[in-house]
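Just follow the structure's listing: the first ligand is 1, and inside any ligand the first atom is 1. Start at 1 with the first residue, then count along the sequence.
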Amino acid sequence: MRARTQLVPHFAGRGRIVSWERPVHDPGAGELLLQVRANALCGTDRDQLHNGSDVTPGHEAAGDVVAAGPGTSTQVGTSGVVFLMDFCGECRSCRAGATNQCLAKRADMGFTDDGGLGQFERIHETNFFATGPELDPAEATLLLDVMGTTSQALARAAAVRPDIQSVLVAGAGPVGLGVVAMARLVLGPGSPILITDLNPYRLELAERLGAVPVDLRHRKLASALRDAGLAEGADVAIDTAGRESARRSLLDGLGRRGVLVCVGHGQGLTISVSDDLIGPERAVVGSEYFRYEALSANDELLRRNRAYLGQIITHRFGIGDLEEAYRLFLAGETGKVVIEQ
Ligand SMILES: [Zn+2]
Ligand SMILES: [Zn+2]
């Protein structure tokens, strides 16, 4: 059989994207070949754009199965999304359901193996989640960073603090917007959600999703908390910004028994163990991506709330406009940006 090739974007470094030809690999045992239909852009792509990448980036992909290797049971034609982490399914973490903490991870799709900005993506069947054809592919990508990563952050908080009645979020980028939406859907409209940022476009989007926007250029967080009836502090704070100053002000905005969940990678945090943690019994926890098993519940949630969650996607582009899509996205004047093919 003649080897097939695909034209894919190559991240050459310093923001330069060129096209190059890459082989389309047939799926091996336990593998599927997807034709990619949509891939959402993510803030973490910035590193690959800047430093270049030997593999095709893209870790928020949705597509259709076009070939299935030996030993698989997924039908050709099935639509679904790709779970970033190619987990082993057998280690102690995986057996406990913590597939996002796999001890023998085979790959991170889009980082160590070719990802979703190609025309085709070869994955293990175990990190494919079938969504059915009703969701459009761009919508289906919401199941990944926007809903998955944020549902994990809320689950990490709830594990420490089950009676959550208020949420404070730093950073109104796509993950921050996802936190707002998921908190709203899970906790209901009676629980206030405050979100801080400096970007009016994104704060307005957060407000449309039901959050109280706090523009830190004009307002102090403490006064916004008081106005929202949270003078004692919020129950949960979620940092999606990754900045030390944001983490510090979230910690200061927490009440007794409060939990700070760090989702955004980046800077550090200096803690006074006695005052910040022991006295008020607060906790600081990390949250990384999400468990594969969360996809089913989030798929249900997405189907019931398509219009509401769909507001988070503000722009769609073809693959030919990838550079323009990144320019706009990284300038911050967008919600989630999706590349459709
Ligand atoms: Zn991402
Ligand atoms: Zn594992």
Side-chain angles (χ1 to χ4, degrees), residues 9 11 30 36 38-51 53 55-62 81-118 121 123-129 137-153 171-179 181-182 202 238-242 262-266 286-295 298 309 312-315 322 325-326 329-330 332 334-339:
F11 286 31
V36 179
N39 186 89
L41 304 189
C42 177
T44 58
D45 301 349
R46 194 184 264 114
D47 281 351
Q48 287 166 305
L49 262 176
H50 189 75
N51 299 323
S53 173
V55 301
T56 306
H59 62 270
E60 298 189 49
V81 293
V82 179
F83 187 80
L84 185 160
M85 298 174 174
D86 188 0
F87 57 92
C88 77
E90 288 163 12
C91 71
R92 185 174 171 199
S93 285
C94 284
R95 280 187 278 119
T99 44
N100 59 333
Q101 293 296 334
C102 175
L103 302 168
K105 190 164 60 171
R106 293 178 285 221
D108 280 326
M109 304 310 297
F111 293 99
T112 64
D113 278 43
D114 289 336
L117 288 173
E121 183 174 358
I123 59 168
H124 275 111
E125 186 182 38
T126 42
N127 58 322
F128 178 72
F129 177 81
E139 250 179 334
T141 67
L142 289 169
L143 289 169
L144 302 167
D145 285 14
V146 170
M147 296 180 73
T149 300
T150 60
S151 64
Q152 173 70 4
V175 174
L177 296 171
V179 171
M182 293 300 277
R202 287 183 160 171
I238 299 184
D239 175 48
T240 72
C262 298
V263 183
H265 288 275
S287 183
E288 173 80 329
Y289 202 53
F290 61 99
R291 295 172 168 215
Y292 178 87
E293 65 187 18
L295 283 163
N298 286 343
L309 287 159
I312 295 174
I313 299 174
T314 55
H315 295 74
L322 188 58
Y326 272 117
F329 176 61
L330 296 175
T334 68
K336 203 67 173 161
V337 174
V338 182
I339 304 299

[X] side chain to [Y] backbone, donor-acceptor under 3.5 Å:
| X | Y | answer |
| --- | --- | --- |
| Asn298 | Leu143 | no |
| Thr149 | Val146 | no |
| Lys336 | Leu41 | yes |

>> Give me the atom names and distance for the closest heavy-atom approach of Leu103 to Ser93.
In response: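 Answer, listing the atom of Leu103 first, then Ser93: CG-OG, 3.8 Å.
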>> Parallel, tilted or perpendicular, judged at 30° and 60°: which one describes the rings of Tyr292 and Phe83?
In response: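 If you compare the ring of Tyr292 with that of Phe83, the planes turn out perpendicular.
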>> Inside 2.8 Å of the Zn ion (ligand 2) but strictly below it, how many protein N/O/S atoms are present?
In response: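 If we list every protein N, O or S atom nearer than 2.8 Å to the Zn ion (ligand 2), we get 4.
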> Is there side-chain contact between Asn100 and Phe290, with heavy atoms separated by less than 4.5 Å?
Replying inline: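 The answer is no, as the side chains (C-beta and beyond) never meet within the 4.5 Å cut-off.
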> Looking at Asp145, which of its N, O or S atoms is the nearest one to the Zn ion (ligand 1)?
Replying inline: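 The Zn ion (ligand 1) is closest to the Asp145 atom OD2, counting only N, O or S.
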